[in-house]
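Data first, discussion second: the structure below is written as structure tokens.
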Amino acid sequence: MNIYLGLGSNAGDRKSHILQALSLLKSFVQIKKISSFYENPALLPNQYDSSWNRPFLNMVLKGRISLDIKEFFSAIQNIETQLGRLKNHRKWSPRTIDIDILAVDELEYSDKNLTIPHPSLIERDFVLSPLRDIEPDLKINNQSILYLCRHLKNKLPAWMDILNVTPDSFSDGGDFFYKKEVSKKIKHKIEEKIKTDEAFFVQYIDVGGYSTRPGASDISVEEEWCRISPFFEIIKDIKHFMKISVDTFRAEIAKKALGHGADMINDVSGLSDSKMIDLLKDSDCDYVLMHSLGVPADKKITFSEKQDPVEEVKNWLEQKLNILEKNRIHLKRVIFDPGIGFGKTAQQSLILLKNITDFMKYPVRLMLGHSRKSFIADFSKVQNPALRDFESIGISMELAEKGVDIIRVHDASKHARAWLAQKHIS
């Protein structure tokens, strides 16, 4: 049987408790997929002990089991006890570990101790969001996880951090470029995130070695891989916290990255490489399909003033989804990015952002990359891209509120912390 479990902790070393639970579960669960970690405020009644207000760390997994449900339930209760959870703990109080059975294939089950699917599943963003990342088409009460996420009152987006290993990206070019220092600088960045718990705020990290800003220089496949390969030597330090995306439009680079631990291909060209389809057929990775009118971006090549950017991008998306489906690539793997700034004027980019919910009718996840881009200067007059974080965070808050599934930004932990602050008072 396929089974979906939710794991959470808000007492002691949260990360350690969850990783220990995963290790113990492996003795009787064949684990197929694991989500990134999500941090969220504790669920509390109106009147509560102030010491209980500790944020939870949550994740979900998909696995297969051979035990019957009662035996399985008993086994996970034993793990909770082994990891220090008291059977008589007070409701709402902090706990070292929660292991909840969320769903089991199409099974419906209920007794005095257990209900499947979990009765509160469709109301809990901290469960639905990680489920969306690993199984967006899973049906609960005849609705997909993706649909349920988008109809939550309080939504919880996934955040993607940008790591450009380039000398010429528009806002952070050179930060992680020099080859002799790249491994040390990236390793320090990752260690700092883990040490300060920033890794718990971010679900994806997107590494790229080819700048796609207007006027960027072309580089060889060998040079692109040389730039990003040091990152893949050290990702073992973050694989338990977040998923790894490779930002490339070249199938050859994507294939190497998948072989070195990447989970996702972020293709800014939207299938311009004819070999990308074959690579997707031969893998089970997630795939970001981004709209563009050319890579690198060219300010002279945009939609005309007479064209409706929303309709143009919709038409393009439908054509690309048809191609993927004809090639038997399941749309649950696909994430669509409308490509803010790629083939769009500043005004057209704003129109797309204002109408972003129009793209939620499609059965794919939605990602936005707006961070520090030039369209912001149209209304803020901030010319230096590196100084546009305030505007970028403001836009992120609106996109998160509207239900965008993945928000790709520079310094993602700042955006995630701002969103979590809102959730504490919502």
Side-chain angles (χ1 to χ4, degrees), residues 4-26 29 31-43 54-63 79-80 83 85 94-100 102 121 124-136 145 149 154-161 163 189-207 234-245 261-264 286 365 400 405-409 411-421 423-424:
Y4 299 86
L5 299 180
L7 283 71
S9 174
N10 75 331
D13 188 339
R14 303 173 302 166
K15 174 190 69 174
S16 177
H17 293 147
I18 292 176
L19 294 181
Q20 286 180 65
L22 282 173
S23 179
L24 293 168
L25 283 166
K26 287 178 181 178
V29 180
I31 296 177
K32 296 291 189 180
K33 293 182 180 179
I34 298 176
S35 77
S36 301
F37 282 129
Y38 281 76
E39 186 170 75
N40 63 281
L43 288 175
R54 303 181 190 176
F56 262 90
L57 201 60
N58 289 289
M59 55 84 68
V60 302
L61 68 83
K62 175 184 178 180
I79 290 177
E80 289 181 330
L83 294 180
R85 175 161 177 175
R95 63 220 74 166
T96 55
I97 194 71
D98 263 340
I99 306 176
D100 291 328
L102 305 176
L121 171 59
R124 294 185 172 178
D125 54 1
F126 57 86
V127 174
L128 289 176
S129 292
L131 268 176
R132 170 198 61 200
D133 295 349
I134 65 170
E135 205 78 358
I145 294 296
C149 276
N154 294 313
K155 300 174 179 65
L156 184 59
W159 299 96
M160 178 182 281
D161 210 353
L163 180 61
K189 179 183 174 81
I190 291 168
E191 288 173 346
E192 281 299 303
K193 283 183 176 296
I194 294 170
K195 185 169 65 176
T196 61
D197 282 3
E198 283 191 24
F200 303 152
F201 300 132
V202 178
Q203 286 69 49
Y204 297 91
I205 187 165
D206 188 39
V207 60
I234 58 175
I235 60 171
K236 64 182 185 299
D237 293 329
I238 59 171
K239 284 291 284 182
H240 285 305
F241 306 101
M242 60 185 82
K243 301 302 180 185
I244 310 303
S245 167
D263 305 286
M264 174 190 293
D286 281 351
R365 284 168 284 169
D405 302 295
I406 304 174
I407 302 177
R408 178 184 181 272
V409 290
D411 209 347
S413 60
K414 288 182 180 177
H415 295 247
R417 286 166 58 191
W419 179 245
L420 282 169
K423 285 175 63 62
H424 275 284

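Hydrogens, waters and symmetry mates are skipped; everything else that's a heavy atom, side chains included, is used. It should be emphasised that the depicted structure is a prediction, and the values quoted were computed from it without experimental measurement.
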Using side chain to side chain contact (heavy atoms under 4.5 Å, CB included), reason through R14 and R54 one step at a time and then give a plain yes or no. CA-CA 11 Å; R14 303 173 302 166; R54 303 181 190 176; over 6 Å; no

Practice item. Decide yes or no for L102 and V60: does some side-chain heavy atom of the first lie under 4.5 Å from some side-chain heavy atom of the second? Key: yes

Contacts of K32 meeting side chain to side chain donor-acceptor pair (under 3.5 Å) (sequence neighbours excluded), chain-then-number -> none

- Heavy atoms, side chains only, cut-off 4.5 Å: are F37 and I18 in contact? yes

Heavy-atom closest pair (N10 atom, A42 atom, distance to 0.1 Å) is ND2-CB, 4.2 Å

Point to revise | L5 side chain near D100 side chain, heavy-atom distance below 4.5 Å | key: no

query = Side chain of S35, backbone of P130: donor and acceptor closer than 3.5 Å?
reply = no

Result for salt bridge (charged side-chain N to carboxylate O under 4.0 Å, His left out) between D405 and one of K155, R365, R132 points to R132

The reported gap from CG in D263 to CG in D286 (rounded to nearest 0.5 angstrom) is 8.0 Å

Sequence neighbours excluded, the answer for side chain to side chain donor-acceptor pair (under 3.5 Å) partners of K414 is D411

Review point. Would a 4.5 Å heavy-atom cut-off, applied to side chains only, mark K243 and M264 as touching?
Key: no

Taking every heavy atom of P157 against every heavy atom of W419, the minimum-distance pair comes out as CD-NE1, 3.1 Å

Worksheet item: D13 versus K15: any side-chain heavy-atom pair under 4.5 Å?
Response: yes

Hey, are D125 and K423 close enough for a salt bridge, meaning a charged N less than 4.0 Å from a carboxylate O?
yes

**Prompt:** Below 4.5 Å, heavy atoms only, C-beta onward: do I145 and P136 meet side chain to side chain?
**Reply:** no

query: Do other residues, nucleotides or ligands put more than 12 heavy atoms under 6.0 Å from K26 NZ?
result: no

Sorted by chain and residue number, the side chain to side chain donor-acceptor pair (under 3.5 Å) partners of D206 (sequence neighbours excluded) come out as S245, N266, R408

Output for pair (L121 CG, L131 CG), nearest 0.5 Å, gives 6.5 Å

Side-chain heavy atoms of L61 within contact of Y4, under 4.5 Å:
no

Look at the side chain of D161 and the backbone N and O of A412, then say whether any donor-acceptor pair between them is shorter than 3.5 Å. yes

Sequence neighbours excluded, the answer for salt bridge (Lys or Arg N to Asp or Glu O under 4.0 Å) partners of D133 is none

For A21, the side-chain contact (heavy atoms from CB on, under 4.5 Å) test, sequence neighbours excluded, returns L7, I79, L83, I97, I99

Run the side chain to side chain contact (heavy atoms under 4.5 Å, CB included) check on M160 and V409 step by step: do they pass?
CA-CA 6 Å; M160 178 182 281; V409 290; over 6 Å; no

Heavy-atom closest pair (H415 atom, W159 atom, distance to 0.1 Å) is CB-CZ3, 3.4 Å

Residues passing the side-chain contact (heavy atoms from CB on, under 4.5 Å) test with L43, sequence neighbours excluded, are W92, R124, F126

*N58 and N40: side chain donor to acceptor below 3.5 Å*: yes

